[in-house]
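What follows is one structure encoded as structure tokens, with my remarks underneath.
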Amino acid sequence: MKDRLEWVEGWGMAVGGAGYVFRPTGPDGVAEALEAAGAEGLPVALRGAGCSYGDAAYRPESVVLDLSGLNRVLAWEPQMGVVDVEPGVSLATLWRMGIADGWWPAVVTGTMEPTVGGMLAMNVHGKNNWQRGTIGEHCSDFDIVLANGEARTVSREEDGEFFHEVIGSFGQLGIITRARLQMKKVHSGMLEVKAVSAPNLEAMLSLSEDAKDKWEYVVGWIDSFAGGRNLGRGLLHFARHLEEGEDPDPKSSLGAKGQDLPGTFFGVVPKGLMWRFLKPFTNRPGMRAINLAKYGVGSTIGDEKVYRQSLAAFSFLLDYLPNWKNIYLPGGLIQHQSFVPVDRAEEVFRDQLEICREHGMPSFLAVLKRHRPDPFLMSHGVDGFSLALDFPVPVGRREDLWKMVHSIAVPVAAAGGRFYPAKDAALPADVYRSTFRDGQLERFAELKARLDPERILRSGLADRLIYD
Ligand SMILES: Cc1cc2nc3c(=O)[nH]c(=O)nc-3n(C[C@H](O)[C@H](O)[C@H](O)COP(=O)(O)OP(=O)(O)OC[C@H]3O[C@@H](n4cnc5c(N)ncnc54)[C@H](O)[C@@H]3O)c2cc1C
């Protein structure tokens, strides 16, 4: 076991721990890892691609079961857009496989790295959450291995209750070993995109609200350095799929090659090196200047622009700049994403932006989305908006940042909002728990006690927010 000891960390590189890493490539390897953990009396933390920002996909001094090697596509029905996959299949594999046949994953995250198992465990959403819901809403059935090694098939039709309890329960009720997903029909590899600027938070929210039924995708960027009457100003992007016949050459835009992100910036600088150019700006004055310039350009020459963009370029903007998170070293970064009902969103996000400014720790990247509720037990979805805030972890001021996260979380809970565990590293348990008001935590505890009484499946996040 000792030779498996490795440092494993959250995607933000701000939290991590040493665990005994198992990397199975077939179902037998999953059983082997469970047995080895049992023999040593160690808990098991499940891991996909490790794209959760904080402590969701590892636990110190535990077996870390990395499922990204279970990455076979088991079946693909190009007529129906239905795919059966092992849990380690990535979003990149899914879209590359589907697009040539005119299918695109119904829900995609801001990066194409996550695995199907990890996405179902967190029940991820995309920029079209209002229109299409979460990934769990596009899954019909999955196989799961329980902590005691028992295997089950769970389908939406036949085991609806358990289906909605497992998806979104952050890997605490069982190991997903196969899933079937329905992809979405597309007639072109291009989207029509409209860029709009908003002078303040009120305008950001009302423009998003007006756009949510007209456009498939709605996403906003907020300049969190702006204050006073400019507080919450930003840029919005709305996008829709092209209808049949709108793309003069769908064959080439639907080719995976037509989607590939360019390998260089300005045709010269290799993408992998670009973060090094940004590193000198990764401080408050630098980021203030970048945010100001972005808003300046977007609200003048970019305003009201309508253009076409490939699905991959629009969806996976963050993958344009490989290793961009390295600009946050040595401290790494954390993200905080809160979900707030429509009628309280302006007040809560205003509070959050102001609290960050008062603490001298404005978010370096702030993203706004529109959401809808979903039927999953541990859901973070609300009929409202989410604001995702990226923070560098300042060396020597880590505790201050964690305290600030507490301060910005309190108004969310008071307004009937929710938090997204995939993006969390710093929430206090009492605030997180207070957002479940309809017996969800009690039901979760009941399930855990029945399915995994010895708490074999654990994670840093589950310990911090639920078990400890
Ligand atoms: C740049 C970036 C952009 C992002 N954008 C979005 C976004 O737009 N929308 C969004 O919703 N999220 C977004 N995320 C978050 C990300 O989609 C989620 O954290 C997702 O869960 C990551 O998948 P993963 O395979 O990396 O899983 P991991 O992070 O490795 O694990 C996530 C959870 O899944 C559990 N798990 C993993 N595999 C299994 C399995 N086979 N069975 C059961 N449980 C399992 C783990 O224990 C853990 O609790 C983003 C993350 C990054 C880094």
Side-chain angles (χ1 to χ4, degrees), residues 8-13 19 24 27 30 33 43-59 62-71 85-93 107-129 133-136 142-147 154 166-179 217 219 315-325 333-335 337 339 365 367 369 371 374 378-381 386 388 390 420-425 457-463 465-466:
V8 191
E9 58 188 14
W11 189 86
M13 307 173 298
V30 173
V44 178
L46 307 179
R47 189 172 178 88
C51 289
S52 294
Y53 277 64
D55 48 0
Y58 73 87
R59 185 180 180 280
S62 306
V63 162
V64 176
L65 180 50
D66 177 339
L67 294 144
S68 58
L70 292 172
N71 55 9
V85 292
E86 288 187 330
V89 163
S90 68
L91 198 44
T93 302
V107 170
V108 301
T109 57
T111 163
M112 59 175 106
E113 285 178 24
T115 64
V116 169
M119 290 192 291
L120 286 169
M122 285 301 181
N123 203 13
V124 302
H125 59 266
K127 300 174 183 78
N128 56 355
N129 186 240
T134 58
I135 190 164
F142 55 82
D143 292 342
I144 187 172
V145 171
L146 303 178
V154 184
V166 172
I167 294 180
S169 62
F170 34 88
Q172 294 305 293
L173 298 182
I175 306 164
I176 295 168
T177 52
R178 180 202 59 86
Y217 303 96
V219 64
S315 307
F316 308 122
L317 189 68
L318 294 168
D319 291 340
Y320 250 101
L321 208 62
N323 310 320
W324 63 268
K325 64 178 179 173
L333 79 154
I334 60 169
Q335 192 182 98
Q337 186 173 10
F339 290 64
L365 178 66
V367 174
K369 289 186 200 145
H371 300 275
D374 57 67
M378 299 301 281
S379 169
H380 51 274
S386 78
D390 282 12
Y420 186 21
K423 304 294 185 71
D424 176 50
L457 297 180
R458 284 168 74 171
S459 67
L461 177 123
D463 279 5
L465 296 181
I466 309 245

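Read the numbers this way: they start at 1 and go in the same order the structure lists the ligands and their atoms.
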Are any of the N/O atoms on [X], whether in the backbone or the side chain, positioned under 3.5 angstrom from an N/O atom of ligand 1?
X: G110; result: yes
X: P114; result: no
X: A49; result: yes

Side chain to side chain contact (heavy atoms under 4.5 Å, CB included) evaluation trace for I466 with M378: CA-CA 12 Å; I466 309 245; M378 299 301 281; 4.1 Å; yes
Could you verify whether a donor N or O on one side chain and an acceptor N or O on the other, from E86 and N71, lie under 3.5 Å apart? no
Distance filter under 4.0 Å to [X] heavy atoms, resulting ligand 1 atoms:
X: L318; answer: 1 (C), 3 (C)
X: A57; answer: 28 (P), 29 (O), 30 (O), 31 (O)
X: Y53; answer: 1 (C), 2 (C), 51 (C), 52 (C), 53 (C)
X: I175; answer: 42 (N)
X: P87; answer: 41 (N)
X: A422; answer: 18 (C), 19 (O)
X: F170; answer: 49 (O)
X: A56; answer: 46 (C), 47 (O), 48 (C), 49 (O)

Nearest heavy-atom pair of P24 and V30: which atoms, and what distance? CB-N, 3.9 Å
Closest approach of R458 to D463 (non-hydrogen atoms, all atoms of both residues): NE-OD1, 3.0 Å
Tell me whether ligand 1 is touched by G174 - counting only heavy atoms on the residue side and a distance under 4.0 Å. yes
Min heavy-atom dist G50 to ligand 1 below 4.0 Å: yes
Looking at [atom1] of [X] and [atom2] of [Y], how far apart are the two atoms once the value is rounded to the nearest 0.5 Å?
X: M122; Y: C51; atom1: CE; atom2: SG; answer: 11.0 Å
X: R59; Y: L461; atom1: CZ; atom2: CG; answer: 12.5 Å
X: S68; Y: R47; atom1: OG; atom2: CZ; answer: 8.5 Å
X: I175; Y: L46; atom1: CD1; atom2: CG; answer: 5.0 Å
X: H125; Y: K369; atom1: NE2; atom2: NZ; answer: 3.5 Å

Compare all side-chain heavy atoms of [X] with those of [Y] and state whether any distance is below 4.5 angstrom.
X: I135; Y: N123; answer: yes
X: T115; Y: L67; answer: no
X: V154; Y: V166; answer: no
X: V116; Y: F142; answer: no
X: L173; Y: L457; answer: no

Proximity winner for atom 32 (C) of ligand 1, if only heavy atoms of S52, G10, G12 are counted: S52
Would you mind checking which non-hydrogen protein atom is closest to [atom], with the distance to 0.1 Å?
atom: atom 34 (O) of ligand 1; value: A121 CB, 3.1 Å
atom: atom 41 (N) of ligand 1; value: I176 O, 3.0 Å
atom: atom 2 (C) of ligand 1; value: T111 CG2, 3.3 Å
atom: atom 26 (O) of ligand 1; value: C51 N, 2.7 Å
atom: atom 21 (O) of ligand 1; value: G118 O, 2.9 Å
atom: atom 46 (C) of ligand 1; value: L46 O, 3.0 Å
atom: atom 17 (O) of ligand 1; value: T109 CG2, 3.4 Å
atom: atom 9 (N) of ligand 1; value: H125 O, 2.7 Å

Hey, is [X] touching ligand 1 through its side chain, its backbone, both or neither, going by heavy atoms under 4.0 Å?
X: K369; value: side chain
X: K423; value: side chain
X: M122; value: side chain
X: T115; value: both

Start with the C-alpha gap between Y420 and H371, add the side-chain angles, then the distance that decides, and say whether ring pair (Phe, Tyr, Trp, His ring centres under 6.0 Å) holds. CA-CA 12 Å; Y420 186 21; H371 300 275; 8.6 Å; no
